[in-house]
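Some notes on the structure that comes next.
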Amino acid sequence: MHTETHTGLDSPRGIWWKPAHRSEKMWVAIAFGWCMVLFAMMPLWHFKGGQNPSGIRRKVAPAAYYARTQEFIRQYQVGEDNGFPVVAPPPGADIYLTAMAFQWTPVLKLQIGKEYTLHLSSLDVNHGFSLLPVNVNFQVVPGYDYGLRVTPNAAGDFRIICNEFCGIGHHTMVGKVIVVDSTGAEVAQNGGARVGSH
Ligand code: CUA
């Protein structure tokens, strides 16, 4: 039996390729053009799209951030929910939310239509702030304090879900935001919230 050995050093025999068809070349050209459009969109979106948080951002030691959160809780605590302090800060206040494996503290009680500066940071690893059922998402990073201007635009009971895998208890990491109307009464339906730098 005749066997042939072939190594990668020899060029293949015969016609093993055909020149690209015109439509294939056109497809490559279109795909490349589209790549360039998407590439240009990245810097464009940064400056024009309002997609990047323009809130306050500063470095902070996790322990110092946690101490600030504790102080905030002492100042405005109005109750307790499942062992977590419920905090009702006045409109316009700087409010502090701490993420840690595997909880969010405190429970925030906010007024509809009022602006707050929401500070987010983590004590350990990256967590993801995801406000349900509205589509609000934000990275919570240890060592950084992010201040976002938020104005709740619907009353109700909202859940903060961690959307960044942070360990064995990731799926249990659920926090709470309660939005009440100006009289302080809780409304039973879920609504929306607006987050932005306006
Ligand atoms: Cu915190 Cu996942």
Exercise for the section: Report, as yes or no, whether the 6.0 Å neighbourhood of atom OH on Tyr144 holds more than 12 heavy atoms from other residues, nucleotides or ligands. Expected result: no
Handout entry: Neighbour count >12 (heavy atoms, 6.0 Å) for atom CG, Leu38
Key = yes
Practice task
Run the numbers on Val180 and Ile112 for side-chain contact (heavy atoms from CB on, under 4.5 Å), then give the verdict.
Solution key: CA-CA 6 Å; Val180 295; Ile112 189 167; over 6 Å; no
Fill in the blank from the handout: From the list Leu110, Thr69, Thr117, Val87, side chain to side chain contact (heavy atoms under 4.5 Å, CB included) partner of Ile95 resolves to Leu110
Heavy-atom side-chain contact between [X] and [Y] under 4.5 Å:
X      : Y      : value
Pro152 : Tyr116 : yes
Cys166 : Met173 : yes
Leu131 : Val177 : yes
Lys114 : Thr151 : no
Ser122 : Tyr65  : no
Val141 : Leu120 : no
Lys176 : Trp104 : no
His119 : Leu97  : no

What's the spacing between [X] [atom1] and [Y] [atom2] if we round to 0.5 Å?
X      : Y      : atom1 : atom2 : value
Glu71  : Gln75  : CD    : CD    : 6.0 Å
Ile161 : His170 : CD1   : NE2   : 9.5 Å
Gln70  : Tyr96  : CD    : OH    : 13.5 Å
His127 : Gln103 : NE2   : CD    : 9.5 Å

Looking only at heavy atoms, what is the nearest atom pair of [X] and [Y], with distance?
X      : Y      : value
Ser121 : Gly143 : OG-N, 4.1 Å
Lys109 : Pro89  : O-CD, 3.5 Å
Gly128 : Glu164 : N-CB, 3.4 Å
Ile168 : His171 : O-CE1, 3.5 Å

Problem - Check ion pair Asp145-Arg57 (N to O, under 4.0 angstrom) - result: no
Practice task
Go through Phe158 and Leu132 one step at a time and tell me if the side-chain contact (heavy atoms from CB on, under 4.5 Å) criterion holds.
Solution key: CA-CA 6 Å; Phe158 301 89; Leu132 296 187; over 6 Å; no
Out of curiosity, does [Y] fall in the hydrophobic cluster containing [X] (side-chain heavy atoms, cut-off under 4.5 Å, transitive links)?
X      : Y      : result
Val125 : Val140 : no
Phe165 : Phe102 : no
Val60  : Phe72  : yes
Tyr66  : Phe84  : no

Problem - Under 3.5 Å donor-acceptor, Asp124 side chain and Ala101 backbone - result: yes
Exercise for the section: For the residue pair Ser130 and Asn137, confirm or rule out a side-chain donor-acceptor distance under 3.5 Å. Expected result: yes
Handout entry: No-hydrogen, no-angle side-chain donor-acceptor test under 3.5 Å, Asn126 and Gln139
Key = yes
Exercise for the section: Over 60° means perpendicular and under 30° means parallel, so classify the ring planes of Tyr146 and Phe138, tilted if in between. Expected result: perpendicular
Problem - Test log, rule side-chain contact (heavy atoms from CB on, under 4.5 Å), inputs Leu123 and Thr98 - result: CA-CA 7 Å; Leu123 296 189; Thr98 292; 3.5 Å; yes
